[in-house]
Amino acid sequence: MAEPNGEITYLEAIREALFEEMERDANVFCLGEDIGAYGGAFKVTDGLLAKFGEQRVIDTPISEIAIVGAAAGAAHMGLRPVCEMQFIDFISCAYDMLTNYVATARYRAFLSTPMVVRGPSGGYVRGGPFHSQNPEAAFLHTPGLKIVYPATASDAKGLMKAAIRDEDCVLFFEHKYLYRRVKERMPEGDHVVPIGKARVAREGKDLSIITYAATVWKALEAAETLEREQGLSVEVLDLRSLLPMDDEAIVATVKKTNRALIVHEDTRTGGIAGEISARINELAFEWLDAPVLRVTAADVPLPYSPPLEDYVLPQTADIVLAARRLAEY
Amino acid sequence: MAEPNGEITYLEAIREALFEEMERDANVFCLGEDIGAYGGAFKVTDGLLAKFGEQRVIDTPISEIAIVGAAAGAAHMGLRPVCEMQFIDFISCAYDMLTNYVATARYRAFLSTPMVVRGPSGGYVRGGPFHSQNPEAAFLHTPGLKIVYPATASDAKGLMKAAIRDEDCVLFFEHKYLYRRVKERMPEGDHVVPIGKARVAREGKDLSIITYAATVWKALEAAETLEREQGLSVEVLDLRSLLPMDDEAIVATVKKTNRALIVHEDTRTGGIAGEISARINELAFEWLDAPVLRVTAADVPLPYSPPLEDYVLPQTADIVLAARRLAEY
Amino acid sequence: MATRARGGRAPAAPVVQAIDPEVPGSAAALLTREQKLELYYWMRLTRSLEERLVNLYRQTKVVGGLFRSLGQEADAVGSAFALDKQKGDILSPLIRNMGAMLVRGAEPTEIIRQYMAKGDSPTRGRELNIHFGGPERGFIGQISHLGDMVPVMAGVTLSFKLRGEERVGLVYIGDGATSTGAFHEGINFAAVQRCPLVVIIENNGYAYSTPTWKQTAAKQFVDKATGYGIPGERADGNDVIATYDVTKRAVERARRGGGVTLIELMTYRRKGHAEHDNQSYVPDGEITRWEKENDPLDRYLRQLTGELAVKRDELAAIDARVQEEIDAATDTAEQSPMPEPTDALVGVYDEPKTVEPLWFRSGVKSAVEKNERAAGWGTFDG
Amino acid sequence: MATRARGGRAPAAPVVQAIDPEVPGSAAALLTREQKLELYYWMRLTRSLEERLVNLYRQTKVVGGLFRSLGQEADAVGSAFALDKQKGDILSPLIRNMGAMLVRGAEPTEIIRQYMAKGDSPTRGRELNIHFGGPERGFIGQISHLGDMVPVMAGVTLSFKLRGEERVGLVYIGDGATSTGAFHEGINFAAVQRCPLVVIIENNGYAYSTPTWKQTAAKQFVDKATGYGIPGERADGNDVIATYDVTKRAVERARRGGGVTLIELMTYRRKGHAEHDNQSYVPDGEITRWEKENDPLDRYLRQLTGELAVKRDELAAIDARVQEEIDAATDTAEQSPMPEPTDALVGVYDEPKTVEPLWFRSGVKSAVEKNERAAGWGTFDG
Ligand SMILES: Cc1ncc(C[n+]2csc(CCOP(=O)(O)OP(=O)(O)O)c2C)c(N)n1
Ligand SMILES: Cc1ncc(C[n+]2csc(CCOP(=O)(O)OP(=O)(O)O)c2C)c(N)n1
Ligand SMILES: [Mg+2]
Ligand SMILES: [Mg+2]
């Protein structure tokens with residue numbers, strides 16, 4: 001599948017991680033709706049059934065509670081399940097199981113629950129209100145869970161490997177807009193990206209954009225524009241992990257540029273930008289030359305029609321405008 | 001039930017609101033587990049069955065999805081259901097129904113869904129990890145829902161009336177620690193407290209504590225101590241409504257005192273203090289003489305044993321300490 | 001019915017005076033010739049409208065996925081026809097029930113507009129495909145999360161009961177979606193409350209790529225009825241008359257206070273889950289067999305021309321009318337405007353009516369228009 | 001069994017060589033005299049330990065609510081006894097299954113510590129009442145959210161199947177909790193996967209105050225089995241031998257690859273939902289009737305002294321042993337320390353092991369000790 005130059009897509013990188021981890025560790029198995037013969041709604045698990053058989057690639061009933069709950073039970077017994085949500089929007093059906101059963105298992109009962117819940121997330125694809133969600137804020141609030149949301153193909157691979165090897169439950173959000181749009185050559189060898197570490201996607205000194213997932217690319221585009229049109233040097237921090245969050249990296253970039261713009265695709269109120277803003281306030285208030293600002297989606301269910309979706313979701317031009325304003329502050 | 005001085009408890013105030021609204025409007029009805037003959041686990045609905053009969057006080061199967069979903073269907077038809085979650089912790093089972101079906105109904109289909117989901121919430125009562133939750137942060141993130149969380153008996157009554165009359169779905173969190181601990185004489189007449197308006201619980205000029213629910217009382221205690229021991233004049237803002245949030249009141253108090261401490265009982269990361277902090281930053285950065293600080297629970301599932309619960313939840317002494325630090329900044 | 005004499009006028013049906021929920025055939029026997037032709041019209045309209053949508057999809061005029069009900073038209077149309085418009089019955093359709101929505105009054109124009117994400121579509125471009133409706137129209141729009149409409153319809157019909165109205169509700173559920181917790185909680189709640197609700201399991205053999213045996217170990221879905229303490233019936237969902245009959249009787253039972261009925265309709269999904277799905281997981285020959293031997297329109301045509309002695313040209317006239325309607329609807333829909341961007345901010349709550357634009361959108365429209373267009377238009381494959 | 005001759009030695013049981021899942025009685029017939037006495041021991045221990053807990057509760061030494069299984073001891077003990085410790089079987093108990101946990105090795109000391117919220121309780125004071133356990137102990141701790149353990153046990157037993165282990169799982173579910181979506185999804189998933197899982201519905205007539213007829217319209221819960229395509233059996237849950245027999249046969253079926261069995265055990269909850277519940281909603285005389293006519297310990301005592309001709313003093317010796325154990329356990333538990341506050345920060349994740357104390361807790365312990373103590377100690381009535 002790799003291009004002649006050795007590049008593979010974000011989606012292929014996830015698949016490669018699944019292949020490698022399933023080969024490496026016989027305890028790893030996948031379960032979800034239509035992940036076997038069909039290879040998953042987006043074909044992420046394509047080829048896994050042929051290679052690993054029905055015992056390790058399990059088509060389930062349409063039962064998100066059972067998928068997550070059964071994964072937890074199997075994980076207690078030492079297996080390492082990787083659950084697919086056909087679209088991450090359906091993780092909401094397993095909200096109780098994840099937040100009450102899975103997240104607390106270690107704390108209240110000293111049970112290990114090494115499992116991954118992954119699925120296609122995010123908008124910009126005309127998916128409408130129920131096939132475009134970004135559920136990170138709903139889970140950020142739950143001690144015991146980990147959350148990652150990669151922006152690049154190599155991070156997708158490396159974080160998937162880390163997630164599968166983690167002793168706790170990791171929610172692995174895959175941005176479907178990026179599935180086939182971003183490509184990269186994978187690093188050699190056993191490429192594992194540690195959970196909890198952000199990545200400086202672009203160095204800069206005038207202001208910092210803190211973001212993750214699809215909007216990392218929009219932030220990078222905006223940074224180019226700002227450099228070209230305004231001569232502004234913009235740093236872009238790709239969080240990659242949302243829980244735990246890399247406070248050190250956040251504080252470092254704020255101390256460097258003294259201006260922070262947080263960008264996410266999710267709706268504004270209660271979105272995770274709030275948490276980031278609060279942390280910057282607590283940890284680096286004295287370094288701030290301007291208020292921490294947010295560029296996010298508007299507070300509405302995500303509509304489907306292109307002009308509406310484009311209007312609701314944050315766009316590169318919004319980031320440019322907001323960054324300019326922040327720089328001028 | 002009222003005391004000789006006419007005072008009634010927070011719990012009785014909610015019951016009174018239910019009685020009055022059910023009398024006023026034949027479309028109002030209650031449904032939930034054990035709310036009929038038993039009167040609910042905390043006896044909030046005690047007496048409703050006798051007065052309004054089985055058609056309007058419905059004992060349901062243990063089915064939070066169905067309770068909320070059926071309420072939504074009935075609400076579309078013009079009824080005004082009030083759902084009880086036996087403990088608010090079980091609202092997590094209906095997370096999908098609330099966030100995907102109910103919250104979006106008006107936006108995606110122009111359907112009215114006038115309904116209330118209420119239930120005993122919060123800790124400080126040795127309830128352990130599954131009978132002490134504060135789920136507001138999980139729903140703050142969902143446009144289409146409203147959230148209230150009263151601290152006083154009269155607000156409990158007035159907000160319940162507003163919630164029942166609202167044309168949209170209101171999550172009504174009742175703090176079980178306050179059920180029988182706070183008392184008040186109800187204002188005369190049809191006492192309705194508008195959703196979306198905060199309340200200054202104590203005037204002050206040196207710093208502001210922004211909080212809601214049980215910690216309002218801890219903040220007030222802390223304010224007394226600070227006044228007495230430090231001569232500090234502390235303003236306490238009781239948000240009452242969390243969605244929509246009263247930005248005006250928040251900005252007003254910050255502009256007045258220039259120092260803001262946000263206090264909530266919920267865990268820290270992803271708790272709603274983040275959102276409040278971000279808003280203060282955006283709306284009143286120039287008025288801040290110190291970073292916005294947070295006093296919250298620690299990021300762990302709430303343990304049950306008294307020394308553990310006491311340690312994890314924010315206490316008055318924590319607020320005193322944090323406020324002192326903020327004042328000295 | 002199949003055993004009746006072919007050719008010539010159909011023999012007089014046995015004299016049936018009223019519908020008896022317990023007597024199979026008692027509802028079908030009361031159908032008039034006009035009604036039977038109407039059934040044909042709705043089935044034909046369903047099929048042809050979907051064919052038109054396929055054309056539009058191939059022209060990339062449809063935004064998002066396209067979902068077919070090819071081979072399932074009888075089940076949707078026959079069951080919806082059993083509801084009573086005058087009495088205010090309400091149904092909740094699924095993605096394979098465009099036919100049911102048409103019967104209840106959905107217009108081809110609005111369906112095409114909706115698929116094209118137009119600003120004057122029934123949801124003003126907010127929701128996709130056939131996710132639209134409202135109680136006053138006799139059908140309520142679904143959401144994607146499978147199973148959720150069952151509790152909602154339990155509540156709709158609970159309101160009928162509480163108010164003493166003689167109205168009935170009907171909710172469809174796929175074989176796959178019977179595995180959801182929402183289905184279980186909803187049907188159980190309705191059964192206990194004796195809500196006037198008919199629950200139809202459309203067993204079309206697959207949930208996306210998953211065959212029914214991976215969905216349940218039960219021999220048949222109708223076996224679930226006893227576990228909920230409600231009557232259950234199984235019928236041939238590709239026989240529009242049988243579908244009508246079994247549904248109508250359940251509707252009557254519900255209307256008379258008999259509570260919930262579970263119906264399993266046997267049918268087959270001849271196309272993929274959506275247009276992008278190549279059905280590689282389907283055993284060889286299965287689809288052709290159903291197409292050849294069990295097409296609901298073919299079967300019904302045989303019944304009509306045989307038993308009822310309907311003339312070919314009468315049917316051809318219906319087909320022509322259907323085509324005209326679809327042509328007209330397509331023209332109208334194509335001319336519809338896309339939504340105004342800022343309409344996105346309207347109507348999250350009753351109050352406030354409109355969400356404030358975000359601060360960085362002060363120069364709103366210009367800011368958006370300067371934007372790169374998100375790619376992916378029409379490539380969404382969910 | 002009830003028809004067997006009273007007095008004297010029991011007649012030799014019919015010669016049964018092996019357990020046949022399809023032959024009722026074939027498991028019970030293989031029970032030895034020692035095993036039968038052991039069953040008595042566990043039932044007595046369950047009842048007496050709960051009585052001790054009531055004393056401690058009245059002395060306000062129990063933190064939180066107290067949940068009884070009075071009158072249900074046979075169902076918990078008989079079913080748990082059907083699992084095999086050597087083979088590594090695992091069960092998931094509910095709040096009425098303290099007896100099952102004891103059978104599987106839970107110690108009275110740890111149960112009392114747990115109820116008293118002690119620092120050396122099995123959950124170090126994190127969880128309440130009998131919410132504790134771990135797979136290595138043969139029972140897994142429940143959470144409060146009803147139904148959730150069914151999917152979890154589906155996964156535990158899926159792991160047995162995937163690894164080709166001959167282990168079996170058992171999960172209890174209350175009559176009330178059958179209404180949850182989690183129950184439905186979990187049992188259906190396990191049925192399709194043919195997981196080696198036994199699902200026991202404990203029908204004790206009530207869910208909190210709600211009688212079963214408000215929970216389901218089904219005549220009996222076991223009717224749900226067909227809808228999941230699995231075998232179902234109903235048995236007298238107040239007959240410890242019958243309970244053992246029906247469970248053991250289901251366990252054997254599961255162990256031989258026969259998948260899930262649904263068992264409905266008929267019993268009765270003689271105390272309130274928890275100690276604070278005054279049962280005002282129970283019809284007059286119902287409780288006394290069960291107490292007088294259908295107490296599982298009384299019934300079993302009659303069986304033992306009759307059929308097995310066990311002497312009164314042999315039984316008295318068991319009772320005495322039980323009392324001693326409970327006394328010793330109480331003494332030990334009462335001396336246990338409460339947890340150290342900062343232990344609250346340990347073990348949310350594998351890494352990092354400990355959560356950082358919040359900044360305002362720098363003078364940590366002092367800050368807490370200066371606090372007002374939250375009132376509500378022991379008043380929690382959930
Ligand atoms: C809760 C939930 N999980 C998963 C999905 C994704 N999904 C959409 S349609 C579908 C298959 C539905 O099959 P079935 O219920 O048999 O209906 P059919 O498409 O055959 O009419 C799936 C899995 C969903 N919409 N909702
Ligand atoms: C999902 C969920 N909803 C509500 C509750 C509150 N609750 C705790 S026990 C109980 C009654 C349980 O009844 P049943 O399942 O019959 O078990 P029993 O107590 O009779 O053994 C209820 C409603 C809960 N724990 N979980
Ligand atoms: Mg199907
Ligand atoms: Mg019960």
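All chains are named by letter (A, B, ...) in the order of the sequence lines, taking the proteins before the strands, and each is independently numbered beginning at 1. Everything quoted here is computed from the prediction, not taken from an experiment.
Only the backbone of Tyr115(D) comes within less than 4.5 Å of a heavy atom of chain B; no side-chain atom from C-beta onward does. At a 4.5 Å heavy-atom cutoff, the contact between Ala177(D) and chain B is made by backbone atoms alone. Of the atoms belonging to Ile319(B), not a single heavy atom falls under 4.5 Å from chain D. For chain D, the nearby part of Arg294(B) is the backbone; its heavy atoms alone come within less than 4.5 Å. Neither the backbone nor the side chain of Glu64(B) comes within contact range of chain D, judged by heavy atoms closer than 4.5 Å. Contacts between Ser92(B) and chain D at a heavy-atom distance below 4.5 Å involve the side chain alone, from C-beta outward.
Under the 4.5 Å side-chain criterion, counting only non-hydrogen atoms from C-beta, His145(D) is in contact with Asp89(B). When side chains are defined from C-beta on, Phe130(B) does not count as touching Leu128(D), because their heavy atoms never get closer than 4.5 Å. Using a 4.5 Å heavy-atom threshold, the side chains of Pro301(B) and Arg126(D) count as separate. Side-chain contact check for Pro357(D) versus Tyr311(B): some heavy-atom pair is nearer than 4.5 Å. Side chains of Leu293(B) and Trp359(D) form a contact here, defined as non-hydrogen atoms less than 4.5 Å apart. Val63(D) is listed as a side-chain neighbour of Pro306(B), based on a closest heavy-atom distance under 4.5 Å.
By the 6.0 Å contact criterion, NZ on Lys214(D) is enclosed, its count of non-hydrogen atoms from other residues, nucleotides or ligands being greater than 12. Annotation: Lys219(D), atom NZ; neighbour count of heavy atoms from other residues, nucleotides and ligands within 6.0 Å does not exceed 12. With a 6.0 Å radius and a threshold of 12 heavy atoms from other residues, nucleotides or ligands, Glu356(D) has its CD atom at or below the threshold.
Taken to the nearest 0.5 Å, the CD atom of Gln279(D) stands 9.5 Å off from the OH atom of Tyr38(B). From Ser144(D), atom OG reaches atom CD of Gln86(B) across 11.0 Å, with rounding to the nearest 0.5 Å. To the nearest 0.5 angstrom, Phe90(B) atom CZ is 11.5 Å from Thr180(D) atom OG1. Distance check: Ile173(D) CD1 to Ile62(B) CD1 gives 8.5 Å after rounding to the nearest 0.5 Å.
Between chain B and the options Val348(D), Thr123(D), Asp343(D), the largest number of non-hydrogen pairs under 4.5 Å is found for Val348(D). Interface check for chain D: of the options Ile65(B), Asp299(B), Leu308(B), Val295(B), the most heavy-atom pairs under 4.5 Å are formed by Leu308(B). With chain D as partner, the option from Val312(B), Leu302(B), Thr296(B) having the largest number of non-hydrogen pairs under 4.5 angstrom is Thr296(B). Counting heavy-atom pairs under 4.5 Å between each of Asp277(D), Leu146(D), Thr216(D) and chain B puts Asp277(D) at the top. With respect to chain D, the highest number of heavy-atom pairs below 4.5 Å among Cys93(B), Ala297(B), Ser305(B) belongs to Ser305(B).
The two residues Ser179(D) and Ser63(B) make their nearest non-hydrogen contact at O-OG, 2.9 Å.
Side-chain atoms of Asp34(B) never come within 3.5 Å of backbone atoms of Tyr208(D) as a donor-acceptor pair (strictly under, hydrogens ignored).
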